[in-house]
Amino acid sequence: MFDVVGLTMSADEITSIAHDYQTLRHQADELHRTGADGVARDTSTPSAFKSADAADPISTRATVRTIQNTASSLRDGTTTAVELTNDVFVRIDRLDARLGAYVSTFRDAALKAADRADRELAAGQDRGPLHGIPLAIKDVIATVEGPTRANSLVAPRQWRSNGDATAVARLRDAGAIIVGKTTTNEFALGLNDPATGFPMPRNSWAADRYAGGSSSGTAIAVASGLALGGLGTDTAGSIRHPSALNGVTGLKVSLGRVSTTGTVPLSPSLDTVGPIARSAWDCALMFHAIADHDPSYRGSSRRPVPQYLDALDGSVQGLRIGWPKRYFFDTGNVSDLVRTRVTAAISALREAGAGVAEVSLPNADMARIACQIVLLCEAFAYHRDDLVAHWAKYGRYARGLLARGALYGGADYVQAKKIATAFDREVSEAMRACDVLIMPTMPTGARLLEETDPMMMDRWSSASFTSQWNLTGLPACAVPIGFDGVGMPVSMQIIGKPFDETTVLRVADAYQRLTCFHLAAPAMPGD
C-alpha cells in the first residue's frame, strides 16, 4: 500500500488514477483555453458502444398504476390505502431480490400509516391526492424509520438526522406512505461495489443492462410497480439518468426550489431533490408538495409556489420550443433511433400547436466538463478526512472517483465556476426566443453493464446531456418517448427557464396526453 496525499492506495489504484490523469488534465485545460478566447475545443473521440439489431420491444404490462388514477380509486372505494400498500409489499417480496431497488423497507410503519390514511379519508379528512399513496425514498434522504447510509459502509461525515428530511416531512404532511429506502450509487457518486454488501440495482427492463444512477432504486421501483412514486437527488443527472433508462418520468427542479435539508450532500452548489413517478402529472403533484421555502436550507428560494397542476391543460398552443441541434443531436454517440425518437416527439408537439426553432449552445460540452470539475472538487472536500481515515471501507468505485477530485486544483475549480456563469448567459440568450429546450436525455438506451464506465472518464457517458442543467440550476424533466432497437426505453429532456417548472411540466404532460409511452412497464414474473 502507498500513501498519496494522505490516502492509502494500492498499486493498482495508483496506476488507474495515473492512467486517467491525462484525460482529467486535458479536459480541465480545455476549460482554461475556452475561458481565454471563448472558443470551445472538442478534441475527444466518443467510445464505440456495441450495436444491436432491431428487435421488438420487451413485453409490457397491460395496465399500470399512476398516482393520479390511484388517488381516484382511493376516493371511489375501489381500493384502500392498506390494500394498495400490501400490494406494493407483495411485489417487493416477489421481485426485489432480482431488481435490487430497495436497501430497506418499513412494512409495519407503512401499514400503520396506510390504516390511518383510510380512517382519515373515511372521516372526510382528505389531505389531497397523495393521501394514502405508497412512495419510496432514495437512501441519501433521511427518514425517521431507519438510518440513512448512502449505500456505504462509511457513515456520512458531519451529517446527522434523527428525523425526516424536509422533503420527506412534507410528503407525510400530504398523507403519503413511506414504504422504504431505495438503492443509490455510493454517496450518489460511485457505482455500486458488490464487496460492500449493498443490493445491486438492475434495469427494470433487462437485468444485463445498466439501471442508471444515482437514483437507481427509486426509478426501478416506479417502473416495476414497487412504489407509485418517490424521491431522488440530482447533481449531474441522477434523477433524469435512471428515469430515462427505466422508462419513467423524472424532474430535476430549479436549484433552491426544494430544500436539501436532511439530505447527504454530494456537491452542495449543484445538489437538488426531486420526484420520480410514472407521469408528468404525478411528478407535478409530488413537486407541489415538497416545493416551498425552508429557513434551514441556506439556498432556499422565497418565490411563491404555483399551483402546478392547474397549468396541465394538455395544450402547447403558442409555446416555443428551442431545438439545440449541435452537440445534443449531431455529436458524439447519439444513436440514430434516439435522434429519430426525439425528433418525432418535437414534431408531435409542433403539430399540437407549438413553434419550433433551432438555437445555438456552442459551449454545451464545456459546461459538462465544468460540472464534473465542480462536482468532484466539492465531493472530495466533503469526504477527504473520511477517505484518509477509512479508505478501505469505501467501495472501490466511489473512492476512486473521490480521489480523482484531488487531481484538480483551485484554478480549475474557479475556472469551472467562470464557465458556469458564461454558459448561463449563453443559455439565457438562447431562451429569449423560446419557452423550453428539448433534446435527448441520454445519447443511447440502457447499455450493457459491461460497457458502463465506472470512473466516468468517457465524456459521452451518463452525464453528457444532463449535467449542464445542474450547472445552470435550471429545471429539467426526463420524459419517455419510446424504445430503442433492443426494447430499452428512450427519453427526451425538457429544459425550462429558472423556476419555470410550470412550463416544463405543461409540455411534458401535453406530450403524454398525445402518447402512452409513459404507461409502458416491463412485464415481471408473476404479472
Side-chain angles (χ1 to χ4, degrees), residues 7 9 13 17 100-104 137-143 146-161 165 167 181-201 210-219 231-239 241-242 260-274 371-408 452-456 461-463 466-467 470:
L7 308 179
M9 302 184 193
E13 288 173 319
I17 291 173
Y102 283 92
V103 68
S104 57
I137 307 297
K138 182 179 181 178
D139 189 35
V140 295
I141 305 172
T143 59
T148 300
R149 294 173 288 182
N151 276 48
S152 180
L153 298 176
V154 181
R157 185 174 182 79
Q158 298 175 341
W159 184 91
R160 299 291 183 270
S161 179
K181 304 290 283 295
T182 54
T183 50
T184 170
N185 290 6
E186 185 172 1
F187 283 110
L189 180 65
L191 290 182
N192 303 71
D193 182 350
T196 62
F198 287 93
M200 180 61 67
Y210 184 38
S214 61
S215 305
S216 318
T218 302
L231 290 183
T233 62
D234 196 313
T235 304
S238 291
I239 284 175
H241 182 201
T260 60
T261 296
T263 302
V264 180
L266 172 57
S267 175
S269 72
L270 304 172
D271 293 341
T272 60
V273 174
C371 184
Q372 174 181 288
I373 292 175
V374 170
L375 188 158
L376 289 179
C377 286
E378 293 185 0
F380 176 71
Y382 178 80
H383 286 276
R384 186 201 180 274
D385 290 348
D386 274 341
L387 282 169
V388 171
H390 306 294
W391 175 263
K393 284 189 176 182
Y394 283 88
R396 64 183 184 272
Y397 302 125
R399 70 190 183 216
L401 271 168
L402 290 167
R404 282 159 175 78
L407 301 180
Y408 293 116
T452 303
D453 174 16
M455 294 304 167
M456 301 193 301
S461 64
S462 61
T466 57
S467 58
N470 297 86

| So how far is it from Tyr397 OH to Leu189 CG, rounded to the nearest 0.5 Å? | 13.5 Å
| said: Using the rule side chain to side chain contact (heavy atoms under 4.5 Å, CB included), only one of Leu376, Leu387, Asp386 pairs with Leu402; which is it? | reply: Leu387
| field | Donor-acceptor contact present, side-chain Ser216 to main-chain Ala211, <3.5 Å | value | no
| task | Kindly write out the residues that satisfy side chain to side chain donor-acceptor pair (under 3.5 Å) with Tyr394, not counting sequence neighbours, or none if the list is empty. | result | His383
| query | Under 4.5 Å between any side-chain heavy atoms of Phe187 and Pro156, yes or no? | reply | yes
| Given the rule in the side chain to side chain donor-acceptor pair (under 3.5 Å) test, do Thr263 and Lys138 qualify, once you have shown the distances and angles that lead to the verdict? | CA-CA 10 Å; Thr263 302; Lys138 182 179 181 178; over 6 Å; no
| Any donor-acceptor N/O pair, Asn470 side chain to Thr235 backbone, under 3.5 Å | yes
| Main-chain N/O of Ser214 paired with Ser238 side-chain donor or acceptor, under 3.5 Å | yes
| remark: Heavy atoms of Gly395 and Thr196 approach each other most closely as CA-CG2, 3.9 Å
| field | Shortest non-hydrogen contact from Thr466 toward Gly237 | value | OG1-CA, 3.5 Å
| Of the non-hydrogen atoms in Lys181 and Gly146, which two are nearest, and what is the gap between them? | NZ-O, 4.5 Å
| Separation of Asn192 CG from Met200 CE (nearest 0.5 Å) | 5.0 Å
| message | For Ile141 versus Gly232, what's the shortest heavy-atom pair and its separation? | response | CD1-O, 4.0 Å
| query | Got Thr148 and Asp139 here, is their nearest side-chain heavy-atom distance under 4.5 Å? | reply | yes
| query | In Å, rounded to the nearest 0.5 Å, how long is the span from CG of Leu270 to CD of Gln372? | reply | 12.0 Å
| field | Rounded distance (nearest 0.5 Å) linking atom CD of Glu186 with atom OG of Ser152 | value | 3.5 Å
| remark: Of all heavy-atom pairs linking Pro268 and Pro265, the shortest is CG-CB, 4.2 Å
| Derivation of the side chain to side chain contact (heavy atoms under 4.5 Å, CB included) call for Thr233 and Asp271 | CA-CA 7 Å; Thr233 62; Asp271 293 341; over 6 Å; no
| Approximate separation, where rounding is to 0.5 Å, of Asn151 CG and Phe198 CZ | 5.5 Å
| request: Starting from the C-alpha separation in whole Å, work towards a yes-or-no answer on side chain to side chain contact (heavy atoms under 4.5 Å, CB included) for Ser215 and Asp234. | output: CA-CA 8 Å; Ser215 305; Asp234 196 313; over 6 Å; no
| task | Would you name the heavy atoms of Pro242 and Gly213 that are closest together and state the gap between them? | result | CD-O, 3.5 Å
| note | CZ (Phe380) and OG (Ser267) are apart, to the nearest 0.5 Å, by 14.5 Å
